[in-house]
Structure formats: C-alpha cells, structure tokens
Amino acid sequence: MMIVTTEQVAGYDIADVKGYVKGSTIQSKHIGRDITAGLKGIVGGEIKGYTEMMTEARELAIDRMVTEAEEQGANAIIGMRMQTSTVMANAAEIIAYGTAVVIEKY
C-alpha cells in the first residue's frame, strides 16, 4: 500500500477513487510512564515512554486505515493526514485519514 500526503503520485494515474478511509486508536497514560514523566519534568529531557506510546499509536492508526483501504480494493492512500486530540483526562486519540484510490503506473 502506497501512502502519500500529496494529492497525486508521480508516475501514476489515479484509475479509481474509493473514498475516505481512516484508522484511529485511543491511548491512555500508564502509571509507570506518569512517574517517569514527572521526574523528567523536574530534570528535563525526552520522555521516552510517551514517545514509544505515541509511535505505537500512530502505527496502529495507520495499520487500521490501510486495512480499511484494502477492504475497499485500493492500492494507495493519497492526502494522508494524522491528527491527535485529547478525549478525556489522561487519554489521547490518534487518527490517520486519507483518500483510498487505485493507482496505475503510466
């Protein structure tokens, strides 16, 4: 599955537009990560536990978006974007979305 943030793919024609696809996940903080984050807040530096959590969340959201596109018969996703929002205290949603298309090399 080719995923691009652009509306076109160089060297390819869009043969069919399947439509909007998305994938999301909601991740919550972990008490161990909160303790580490509190300590890092005092001394400064990267909070690796949160970095890892957000990386995993992005990968899961993208995987879910790709699955939805494959179910529609697409072989690419154009205009892909990611967004995050707080849904409640200590929980954030990550959403990946774009347009599922069928592309053909010209």
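Along the sequence shown, the residues carry numbers beginning at 1. Treat the numbers as computed from the prediction; the structure is a model and nothing was measured.
Applying the salt bridge (charged side-chain N to carboxylate O under 4.0 Å, His left out) test to pairs two or more places apart or on separate chains, those with a residue in residues 14-25 are D16-K18, K22-E68.
Between atom CE of residue M2 and atom CD1 of residue I103 there is a gap of 4.5 Å, rounded to the nearest 0.5 Å. Expressed to the nearest 0.5 Å, how far OG of S24 lies from CD of Q83 amounts to 11.5 Å.
At least one side-chain heavy atom of M54 sits under 4.5 Å from a side-chain heavy atom of T84.
Residues satisfying the side-chain contact (heavy atoms from CB on, under 4.5 Å) criterion with S85, sequence neighbours excluded, are V87, E93. Every residue meeting the side-chain contact (heavy atoms from CB on, under 4.5 Å) condition with I3, not counting sequence neighbours, appears here in chain and number order: M1, I62, M65, V66, I77, M80. Checked against side-chain contact (heavy atoms from CB on, under 4.5 Å), D63 has no partners two or more places apart in sequence or in another chain. The side-chain contact (heavy atoms from CB on, under 4.5 Å) check on T25 picks up Q27, A57, L60, R64, I94, with sequence neighbours excluded.
Through side-chain heavy atoms spaced under 4.5 Å, either directly or across other Ile, Leu, Val, Met, Phe, Trp or Tyr residues, Y20 is tied to I95, Y97.
Grouping the Ile, Leu, Val, Met, Phe, Trp and Tyr side chains by contacts below 4.5 angstrom, directly or via other members, places I78 with V17.
Nearest approach of Q72 to G19, heavy atoms of both residues: OE1-N, 4.0 Å. Shown here for M53 and S28, the closest heavy-atom pair between the two residues is SD-O, 3.5 Å. Scanning all heavy atoms of the two residues, the minimum distance from G73 to V102 falls at O-CG2, 3.5 Å.
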For residues 5-14, run the donor-acceptor check on the side chains, cut-off 3.5 Å, and write out each pair with its distance to 0.1 Å, sequence neighbours left out.
{"unit_1": "T6", "atom_1": "OG1", "unit_2": "Q8", "atom_2": "O", "d": "2.6"}

